[in-house]
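Side chains included, hydrogens not; waters and symmetry mates left out as well; all remaining heavy atoms used.
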Amino acid sequence: RSAGCCLVAATLLLITARRFKRARKLSCCSPAEAAPVGEGLAALIGNTPLIRIRSLSEQTGCEVLAKAEFLNPGGSIKDRVALRMVQEAFADGRLKPGGLITEGTVGSTGVSLALVAASVGCRCFVAMPDDAASEKHQLLLALGAEVQRVRPVSITHPDHHVNVARRRAAAEPPGTALFADQFENPDNTKAHLDTGREIWEQTGGRLHAFVCGAGTGGTIAGVSSFLKAQDPTVKVFLVDPSGSSLYNLVTRGVLYAREESEGRRLRNPCDTITEGIGLNRLTANFSRAKIDDAFKGSDQEAVDMAAYLLAKDGLFVGSSSAMNCVGAVKVARALGPGHTIVTILCDGGTRHLSRFYNKEVLAQQGLTPSITGPGLTFIH
C-alpha cells in the first residue's frame, strides 16, 4: 500500500511538472509579452548596452561605465548620427530615394552613411584623408560607396575632405543630393540627446560625471545637454588628444594647441594617432556642449589603455574609445573613489588594425605599449 501511494504521488508530481513547463512555455510565447518586431536597419541602431569596465572600476574605486556603441550595426556611434541626418532630410524634402548623400570623414561616419543610404535607396559619396586607416576605405568600397581619398590639409583649403564632399553634392541637380555636414548639422547633436537619455535611464539617474572626446562635438553636446537638463550637478568633462585645440578652448577660452607653432605640426591637421577626435576649430555642434572642465590625453596613454583593456577585460576598442577611457580614469582620480563615471566606447579595434594596432607603425612613432602589472601607472 505504501509503495502504491508513493507511485501515485510521483505520478501526480510528474503531471504537475509537465503542466507547469507547458504553461511557462505558452506564457513566454504569448503575444502580449513577445518583443516587437523591428523595421530594418533603423531598429538596430541605438539602445546599446551600458557596461561596467571591471579593471578600471577596481583600480580607481569608482564605477566606470561605458556605452558599448561599437555594437551598432555599422560598428560605431556614428550610426545614430547618420540615421538622424538622413531621416530629417527625408522628412523636410531635402532628400528623396535615388538621391546622393555626401560626407567628408575619416571613415566611421562614412560607413554609417553608406549603410543608411542603402537602406533608403540612396547613393553615397565619401571623401576621406589618405592617412586614415586603410580598412575603413576597404569597408566603404565593400558597402557600395564612392570614395575619394585626399591629402590631409586644413579645413580652409579647398581640397580638405569636407570641402570636397560639399562640392560633390553641389554638382548634382538641385534637390537630388544631401551634403550631410556632420560638423555643423544640428541633427548630430539631436541624435545624441537620445544617447544621453539612454545613459540616464540605464544608470537610473545615478551618475556623477560623463567624459568623452570630441570630433564633430555632437556626442558631448547632445549627451551633456540631456544629462544636465535632468540633473545640473552632473559634471561633464572633455578629454582631448595631442594637437587638438579644444582643451585650451574649454580651460582658457582660446583655440590654440602647442603643435600649432610653425614646424611642430606633422601631416594631420590634428596630429594624433587617434582617429575621429580632436579639432582646431569651433564647430556649431561643439558650441552647444555644456562642459565643466577638460583633460589632455596623450597618444601613449591611448595606446597603453587599448592594450590594457584587451589584456584585463577582453575589450578590443578603437583609438577614440581608448582615449575616452583615459579620460574616465583622469576624472575618477579628480573626483575620488565612490563616484559613477560614464564614457563612450565609440567603435571597436577592427577598424584600426593598420595604424593604431600595427606594431611597426607604433614602433616608428615611439608608441609601443608598455603596460606592466594590474595598475594604471601609464595614466599621468
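Applying the 6.0 Å contact sphere to NZ of Lys290 captures no more than 12 heavy atoms from other residues, nucleotides or ligands.
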- Hey, mind stepping through Thr340 and Cys62 against side chain to side chain contact (heavy atoms under 4.5 Å, CB included) and telling me if it holds? CA-CA 6 Å; Thr340 298; Cys62 290; over 6 Å; no

- Message: One pair to check against salt bridge (charged side-chain N to carboxylate O under 4.0 Å, His left out): Glu58 and Lys312. What are the steps and the verdict?
- Response: CA-CA 11 Å; Glu58 291 178 354; Lys312 306 301 181 183; over 6 Å; no

- Tyr308/Phe378 under ring-ring contact (aromatic ring centres under 6.0 Å, His included): CA gap, chis, key distance, verdict: CA-CA 10 Å; Tyr308 184 87; Phe378 58 90; 5.5 Å; yes

- Message: Set out, in order, the CA-CA distance, both residues' side-chain angles and the distance that settles side chain to side chain contact (heavy atoms under 4.5 Å, CB included) for Asn285 and Thr219, then state yes or no.
- Response: CA-CA 9 Å; Asn285 281 299; Thr219 301; over 6 Å; no

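Residues Tyr247 and Phe295 place their aromatic rings such that the two centres sit no closer than 6.0 Å. In this structure, Tyr357 has its ring center closer than 6.0 angstrom to the ring center of Phe316.
A side-chain donor from one of Arg166 and Asn163 sits under 3.5 Å from a side-chain acceptor of the other. Between Glu275 and Ser319, the side chains place no donor N or O within less than 3.5 Å of an acceptor N or O (distance only, hydrogens not considered). Using modelled atom types, one finds no donor on one side chain facing an acceptor on the other under 3.5 Å when comparing Ser57 with Glu63. With 3.5 Å as the limit, one finds no donor-acceptor pair spanning the side chains of Asp130 and His137. Side-chain contact, Ser108 with Lys78: no donor N or O sits under 3.5 Å from an acceptor N or O. If you check the side chains of Ser112 and Asp79, you find a donor sitting under 3.5 Å from an acceptor.
In terms of modelled atom types and a separation under 3.5 Å, the side chain of Thr283 and the main chain of Phe286 share a donor-acceptor contact. Although no hydrogens or angles enter the test, the distance criterion places no donor-acceptor pair under 3.5 Å between the side chain of Ser244 and the main chain of Pro241. Asp313 places no side-chain N or O within 3.5 Å of a backbone atom of Ile53 that could act as its donor or acceptor partner. The backbone N or O of Leu353 sits less than 3.5 Å from a side-chain atom of Glu135, completing a donor-acceptor pair. Using a distance-only test at 3.5 Å, with no hydrogens or angles considered, no donor-acceptor pair links the side chain of Asn248 to the main chain of Val254. A distance-only check finds no donor-acceptor pair linking the side chain of Thr176 to the backbone of Glu172 [under 3.5 Å]. Side-chain atoms of Asn72 come within 3.5 Å of backbone atoms of Glu69 as a donor-acceptor pair (strictly under, hydrogens ignored). In this structure a side-chain-to-backbone donor-acceptor pair under 3.5 Å is present from Asp292 to Val236. In this structure a side-chain-to-backbone donor-acceptor pair under 3.5 Å is missing from Arg206 to Trp200.
At least one cation-pi condition fails for Arg197 and Phe226: the charged atom is not both under 6.0 angstrom from the six-membered ring centre and inside a 45 degree cone around its axis. Seen from the ring of Phe179, Arg167 does not count as a face-on cation partner, given the 6.0 Å and 45° thresholds.
Side-chain contact between Leu113 and Val126 is absent, with no heavy-atom pair separated by less than 4.5 Å. Using a 4.5 Å cut-off on side-chain heavy atoms (C-beta onward), Val234 and His208 make no contact. Counting heavy atoms from C-beta on, the side chains of Lys67 and Leu345 never come closer than 4.5 Å.
Of the charged side-chain nitrogens involved, none lies within less than 4.0 Å of a carboxylate oxygen, so that Glu88 and Lys190 do not count as a salt-bridged pair. Under 4.0 Å is where a charged nitrogen must lie from a carboxylate oxygen, and between Glu301 and Lys330 at least one such pair does. Glu146 and Arg123 are not joined by a salt bridge, as no carboxylate oxygen comes within less than 4.0 angstrom of a charged side-chain nitrogen.
Across all their heavy atoms, Arg94 and Asp187 have their closest contact at NH2-OD2, 4.1 Å.
Using a 4.5 Å cut-off between side-chain heavy atoms of Ile, Leu, Val, Met, Phe, Trp and Tyr, with links allowed through other members, Ile77 and Leu115 fall into different hydrophobic clusters. Grouping the Ile, Leu, Val, Met, Phe, Trp and Tyr side chains by contacts below 4.5 angstrom, directly or via other members, places Leu83 apart from Phe70. Leu207 and Ile344 end up in the same hydrophobic cluster when Ile, Leu, Val, Met, Phe, Trp and Tyr side chains are linked at under 4.5 Å. By the rule that hydrophobic residues join a cluster once side-chain heavy atoms approach within less than 4.5 Å of another member, Leu310 and Val329 end up as members of one cluster. The hydrophobic clustering, which links ILVMFWY residues whose side-chain heavy atoms are closer than 4.5 Å, places Val81 and Met128 together.
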